[in-house]
Protein chains: 2
Amino acid sequence: MTVLSLRPQAIPGRRERVRKATQRKADELLQTAAALMAEKGFEATAIRDVGRKLDASLAGMYYYFKSKEELLYQIQYRTFASLLQAQQQIAERPGTPKDRLRRLLIGHLTFFTSHPNEMKICTYELESLTGEYYNTVLELRRRYYRLMADLVAQLMTGPARKARASAHSRRVTLFVFGMLNWAFTWYSQAKDGTAEKLGGEMFDLVINGIGLEPLNR
Amino acid sequence: MTVLSLRPQAIPGRRERVRKATQRKADELLQTAAALMAEKGFEATAIRDVGRKLDASLAGMYYYFKSKEELLYQIQYRTFASLLQAQQQIAERPGTPKDRLRRLLIGHLTFFTSHPNEMKICTYELESLTGEYYNTVLELRRRYYRLMADLVAQLMTGPARKARASAHSRRVTLFVFGMLNWAFTWYSQAKDGTAEKLGGEMFDLVINGIGLEPLNR
DNA sequence: ATAGTTACCGAACGTTCGTTCGAAAATAAG
DNA sequence: CTTATTTTCGAACGAACGTTCGGTAACTAT
């Protein structure tokens with residue numbers, strides 16, 4: 001049983017203590033590994049390099065995870081679970097569907113600006129996972145997709161007709177995810193401002209499109 | 001001098017003949033390599049596997065390219081050059097900025113539906129190239145970006161005010177590329193219809209947004 | 001047929017990688 | 001201090017990879 005695969009509530013009978021310093025090192029390890037994997041990709045990242053960056057040995061890394069794939073899984077699972085929880089809270093807060101969409105867009109971009117490496121890995125490297133690892137992360141991803149898709153569908157079937165809304169709103173949802181995820185490749189705080197501003201612009205585009213037709217007021 | 005690095009017009013003094021069957025095999029090699037790299041990623045794709053899929057030997061592959069990186073470069077260069085040329089022609093055809101944007105979106109998606117593997121590689125694996133390879137493909141990518149960015153800027157500074165249009169239209173352009181590129185992860189002909197239909201929906205979103213406000217007519 | 005070029009392959013090399021193992025060091029408990 | 005547990009490491013293994021080399025087969029032109 002390695003450090004990273006331990007649940008916060010210890011399994012009885014196994015492993016008496018995990019020192020607080022070790023937990024902190026585990027977090028630092030995840031962060032460092034995420035930085036390297038975001039830069040060079042999962043396959044191209046060597047565990048030796050993670051160890052080197054932490055001034056630790058190669059073998060010492062295997063005290064924290066039992067395989068390179070589990071390391072990738074832990075990064076993705078923890079990141080996605082954290083994002084999902086934050087966004088579910090945001091979605092539950094009261095407001096019109098419009099308000100809630102705006103808050104979700106800003107929430108996603110805010111999370112991204114604080115964890116760019118981890119988010120890039122969640123976006124690019126799901127398919128580097130296999131078996132249970134893959135299925136578990138995929139399920140989180142699906143839950144997150146539904147969160148957004150339900151809201152978009154609700155938004156579109158409101159004042160408009162209901163027929164054919166499902167297939168079309170699916171694509172609108174995926175357009176939105178495209179905008180969100182592609183931001184990894186270009187966002188710069190200096191050029192593009194805060195997540196709030198960026199999310200606001202994205203929201204305006206989704207609701208009104210480019211401001212071509214003069215707003216009728 | 002390998003087969004793939006030969007220009008159509010032969011270099012004098014080097015290499016008398018390249019058989020037509022060999023050119024055909026080179027094309028098949030690029031296609032097969034693209035399929036594997038699109039599925040498993042560049043790093044995770046072994047040249048041995050490309051050879052196996054073509055019923056050829058490992059060493060025989062090196063008659064066609066001189067390094068794995070050159071193989072990746074050739075896939076990206078040829079794909080991007082072909083896309084760029086097609087889209088430049090489309091952009092030059094007469095029409096309002098709106099018409100031309102619509103045609104460009106459909107053109108991109110049409111190209112993508114005929115070359116999904118190659119396009120996925122162009123999107124995901126630019127950073128697996130280095131040096132001159134990287135710079136050359138990057139320059140193609142920039143030219144393609146400008147093609148779209150100029151049109152979006154023209155569209156947005158038209159009926160609207162001109163101030164602040166530049167930084168904002170940059171982001172709208174990148175939103176559009178996000179929608180286009182993310183389609184790799186979800187597009188299905190059966191579910192989503194033709195490239196024309198998809199491009200049309202994307203165009204509508206960019207121009208009018210979700211159809212929330214009743215169209216004023 | 002034969003000579004010259006083009007296309008291909010078996011075998012091997014050197015490197016890098018993920019993973020394991022046994023032992024040592026560091027830390028906490030009695 | 002002594003003992004038990006947690007944490008770290010050096011060394012090594014086997015597998016997989018990109019690349020090279022000398023030779024051979026296939027093809028073309030004369």
Side-chain angles (χ1 to χ4, degrees), chain A residues 1-6 10-29 32-33 36-37 40-74 125 128-130 133, chain B residues 1-6 10-29 32-33 36-37 40-74 125 128-130 133:
Chain A
M1 187 66 42
T2 58
V3 174
L4 284 181
S5 53
L6 286 177
I11 295 144
R14 311 284 289 129
R15 211 185 235 283
E16 309 296 332
R17 293 174 284 269
V18 174
R19 298 180 190 142
K20 275 169 287 182
T22 303
Q23 285 291 2
R24 248 181 284 117
K25 283 181 192 174
D27 292 344
E28 193 188 353
L29 190 157
T32 302
L36 284 174
M37 289 180 184
K40 321 180 19 165
F42 173 70
E43 285 279 348
T45 300
I47 296 187
R48 282 169 169 82
D49 292 339
V50 181
R52 199 168 297 129
K53 204 148 187 169
L54 291 165
D55 285 317
S57 71
L58 168 63
M61 297 289 96
Y62 281 82
Y63 183 70
Y64 291 88
F65 50 84
K66 69 166 171 294
S67 73
K68 192 185 178 189
E69 189 178 8
E70 196 211 28
L71 173 58
L72 178 64
Y73 165 76
Q74 290 288 346
E125 304 285 6
S128 297
L129 295 174
T130 63
Y133 290 145
Chain B
M1 187 69 37
T2 59
V3 175
L4 283 182
S5 53
L6 286 178
I11 294 143
R14 311 283 290 131
R15 211 186 236 282
E16 308 296 332
R17 290 175 285 270
V18 174
R19 298 176 191 149
K20 274 169 288 182
T22 303
Q23 285 290 3
R24 248 181 284 117
K25 285 181 192 174
D27 292 343
E28 193 188 352
L29 190 156
T32 302
L36 284 173
M37 288 180 184
K40 317 178 26 161
F42 172 71
E43 285 277 350
T45 299
I47 295 188
R48 283 169 169 82
D49 293 339
V50 181
R52 200 169 296 130
K53 204 149 188 169
L54 291 165
D55 285 317
S57 72
L58 168 63
M61 296 290 96
Y62 282 81
Y63 184 69
Y64 290 88
F65 50 84
K66 68 167 172 293
S67 73
K68 192 185 179 188
E69 189 178 9
E70 196 211 26
L71 173 58
L72 178 63
Y73 166 76
Q74 290 289 346
E125 304 285 6
S128 296
L129 295 175
T130 64
Y133 290 144

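When reading the values below, keep in mind they use all heavy atoms of this one structure, side chains included, and skip hydrogens, waters and symmetry mates. Residue numbers begin at 1 in each chain, while the letters A, B, ... track the order of the sequences.
Residues B:Gln74 and B:Ser5 approach most closely at NE2-CA, 3.9 Å, considering heavy atoms. B:Phe65 and B:Leu29 make their closest contact through CE2-CD2, 3.9 Å (heavy atoms, listed as atom of the first residue, atom of the second, distance). When all heavy atoms of A:Lys66 and A:Glu70 are compared, the closest pair comes out as N-OE1, 3.0 Å.
Rounded to whole angstrom, the span from the CG atom of A:Leu71 across to the P atom of C:dT19 amounts to 10 Å. Atom CG in B:Leu58 sits roughly 13 Å away from atom P in C:dA11 (whole-Å rounding). Going from atom CE of A:Met61 over to atom C1' of C:dT19 covers 14 Å, rounded to whole Å. The nearest whole Å value for the distance from the CG atom in A:Leu29 to the C1' atom in D:dT8 is 13 Å. Here the P atom of nucleotide D:dC21 and the OH atom of B:Tyr63 are 17 Å apart, to the nearest Å. Rounded to an integer number of Å, the gap from NZ of B:Lys68 to C1' of D:dA16 is 11 Å. Distance B:Leu4 CG to C:dA7 P: 12 Å, rounded to the nearest Å. Between the CE atom of B:Met37 and the P atom of D:dG18 there is a distance of 9 Å, rounded to whole Å.
Using a 4.0 Å heavy-atom criterion, one finds that B:Phe65 contacts no nucleic acid atom at all.
When distances run from any side-chain atom of A:Tyr62 to the nucleotides C:dT20, C:dA11, C:dA7, the shortest one goes to C:dT20. Taking only side-chain atoms of A:Tyr64, from C-beta outward, the nucleotide of C:dC9, D:dT7, C:dA7 with the closest atom is D:dT7. Taking the side chain of B:Lys25 as heavy atoms from C-beta on, and the options C:dC8, D:dT7, D:dC9, the nearest nucleotide is C:dC8.
Contacts of B:Glu125 classified as salt bridge (charged side-chain N to carboxylate O under 4.0 Å, His left out), with partners at least two apart in sequence or in another chain: none. Under the rule for a side-chain contact (heavy atoms from CB on, under 4.5 Å), the partners of A:Lys68 that lie at least two apart in sequence or sit in another chain are A:Phe42, A:Ile47. Considering only residues two or more places apart in sequence or on other chains, B:Ala44 meets the side-chain contact (heavy atoms from CB on, under 4.5 Å) condition with A:Glu43, B:Lys40.
The side chain of A:Thr22 contributes an N or O atom lying less than 4.0 Å from OP1 or OP2 of D:dT7.
Over its length, the helix from C:dA1-D:dT30 to C:dG30-D:dC1 turns its helix axis by 10°, as judged from the five terminal pairs at each end, rounded to 10°.
In this structure, the side chains of A:Tyr62 and A:Thr2 stay at 4.5 Å or more apart for every pair of heavy atoms. The side-chain heavy atoms of A:Leu71 and A:Tyr64, taken from C-beta on, include no pair separated by under 4.5 Å.
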Can you give the donor-acceptor pairs under 3.5 Å from side chains of residues 48-61 of chain B to other protein atoms, not counting sequence neighbours?
| unit_1 | atom_1 | unit_2 | atom_2 | d |
| --- | --- | --- | --- | --- |
| B:Asp49 | OD1 | B:Arg52 | NH1 | 2.8 |
| B:Ser57 | OG | B:Gly60 | N | 3.0 |

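Less than 4.0 Å separates DNA chain D from at least one heavy atom of each of the following residues of residues 43-56 of chain B: B:Thr45, B:Ala46, B:Ile47, B:Arg48.
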